[in-house]
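Note that the structure is predicted; figures quoted are calculated from it, not measured. Read the numbers this way: they start at 1 and go in the same order the structure lists the ligands and their atoms.
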Amino acid sequence: MKQLHILVLNGPNLNLLGTREPGHYGAETLADINQKLISLADNLGVELTTLQSNHEGELVEHIQKAGEDGIDAILINPAAYTHTSVAIRDALLATCIPFVEVHLSNIHKREEFRHRSLLVDAAVGTVAGFGPSSYTMALHGIIAHLQHKQGE
Ligand code: DQA
């Protein structure tokens, strides 16, 4: 079976994790989170690429490139763009790459404007509210999903 290649894409302000609103987002930096994910992916025999951008267009370009590169799945924390970006939704739909929407905080327990996601109905699934573990849960979930599809 071909080795799975998964892209982890993080949106605006997530480069500030560690110092940004620790009550919502915890004390771990994005580098800490990525490092743990990469070693988990290694143990699971999966290739993992991590990217972060504060710019909507750049996130769209990363998604388009993932389509060209044959990436098998995307774990995306679109951050504030979750609630606003038709462009990110359209890019994900255009590539047809299965994706998981990931949030550190439980967006449904927070301000009302965070309750709406423009991606949720197109995602394989959503993980929110578990801090950095949201990413590891999403990784386990998407691998199981892809392996199930490969076996079909
Ligand atoms: C977030 C939740 C968003 O509402 C917020 O804008 C973020 C982070 C999360 O991971 O909990 O930047 O996506």
Side-chain angles (χ1 to χ4, degrees), residues 4-44 46-67 69 71-146:
L4 296 173
H5 189 176
I6 296 174
L7 171 66
V8 182
L9 205 49
N10 280 290
N13 299 307
L14 294 171
N15 56 313
L16 300 179
L17 290 178
T19 55
R20 175 190 179 202
E21 298 185 87
H24 283 305
Y25 304 120
E28 281 187 48
T29 66
L30 188 58
D32 295 335
I33 293 172
N34 285 340
Q35 204 38 61
K36 283 187 189 159
L37 269 182
I38 287 166
S39 64
L40 174 62
D42 260 7
N43 290 336
L44 297 172
V46 168
E47 192 179 345
L48 200 86
T49 301
T50 61
L51 292 169
Q52 186 275 333
S53 175
N54 291 323
H55 305 279
E56 187 176 25
E58 225 167 77
L59 291 164
V60 166
E61 281 166 6
H62 287 319
I63 294 165
Q64 290 181 2
K65 173 101 182 4
D69 293 349
I71 293 287
D72 296 292
I74 298 177
L75 308 184
I76 183 166
N77 183 347
Y81 288 135
T82 308
H83 320 295
T84 62
S85 180
V86 176
I88 290 175
R89 176 190 173 88
D90 285 351
L92 288 163
L93 292 179
T95 62
C96 297
I97 298 176
F99 71 92
V100 180
E101 180 182 328
V102 181
H103 299 285
L104 293 147
S105 65
N106 181 353
I107 55 175
H108 302 287
K109 230 162 79 173
R110 300 182 60 195
E111 304 97 316
E112 205 168 324
F113 68 85
R114 293 186 204 275
H115 298 179
R116 186 177 79 138
S117 161
L118 295 193
L119 304 184
V120 70
D121 62 299
V124 173
T126 307
V127 187
F130 295 97
S133 299
S134 292
Y135 291 89
T136 52
M137 292 163 100
L139 184 60
H140 282 295
I142 199 66
I143 291 171
H145 173 83
L146 293 171

Note to self: Parallel, tilted or perpendicular: which one describes the rings of Phe113 and His83, with boundaries at 30° and 60°?
What the structure shows: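 Correct class here is perpendicular.
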Next item on the list: Could you go through the side-chain hydrogen bond (donor to acceptor under 3.5 Å, both in side chains) check for Asp32 and Thr29 one step at a time?
Entry: CA-CA 5 Å; Asp32 295 335; Thr29 66; 3.1 Å; yes
Check: What protein heavy atom is closest to atom 11 (O) of ligand 1, reported as residue, atom name and distance in Å?
Finding: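 Atom 11 (O) of ligand 1 sits closest to the protein heavy atom Ser105 OG, 2.6 Å.
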Check: What protein heavy atom sits nearest atom 9 (C) of ligand 1, and how far away is it?
Finding: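 Closest protein heavy atom to atom 9 (C) of ligand 1: Leu104 N, 3.4 Å.
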Could you see which bit of [X] sits under 4.0 Å from ligand 1, with heavy atoms only: side chain, backbone, both or neither?
X: Arg20; result: side chain
X: Arg114; result: side chain
X: Asn13; result: neither

Over all heavy atoms of both residues, which pair between [X] and [Y] is shortest? Give the atoms and the distance, please.
X: Tyr135; Y: Leu75; value: O-CD1, 4.0 Å
X: Gln64; Y: Thr95; value: CA-CG2, 4.2 Å
X: Leu59; Y: Pro12; value: CD1-CD, 4.2 Å

Checklist line | Flag if over 12 foreign heavy atoms under 6.0 Å of CD, Glu111 | finding: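 Buried by this count: over 12 neighbours within 6.0 Å.
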Notebook entry, point to check: Within a reach of under 6.0 Å around CZ of Arg110, are more than 12 heavy atoms found that belong to other residues, nucleotides or ligands?
Noted result: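 Check passes, neighbour count above 12.
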Polar atom proximity, [X] to ligand 1 (N or O, under 3.5 Å):
X: His103; value: yes
X: Thr82; value: no
X: Val102; value: no
X: Ile107; value: no

Checklist line | Tyr25, Tyr135, Tyr81, Phe113: member with heavy atom nearest to atom 7 (C) of ligand 1 | finding: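 Checking each option, the heavy atom nearest atom 7 (C) of ligand 1 is found in Tyr25.
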Check: What residue among Leu7, Ile97, Leu4 forms side-chain contact (heavy atoms from CB on, under 4.5 Å) with Asp72?
Finding: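 With Asp72 as partner, side-chain contact (heavy atoms from CB on, under 4.5 Å) holds for just one option, Leu4.
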Checklist line | Any His83 heavy atom less than 4.0 Å to ligand 1 | finding: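 Right, His83 reaches ligand 1.
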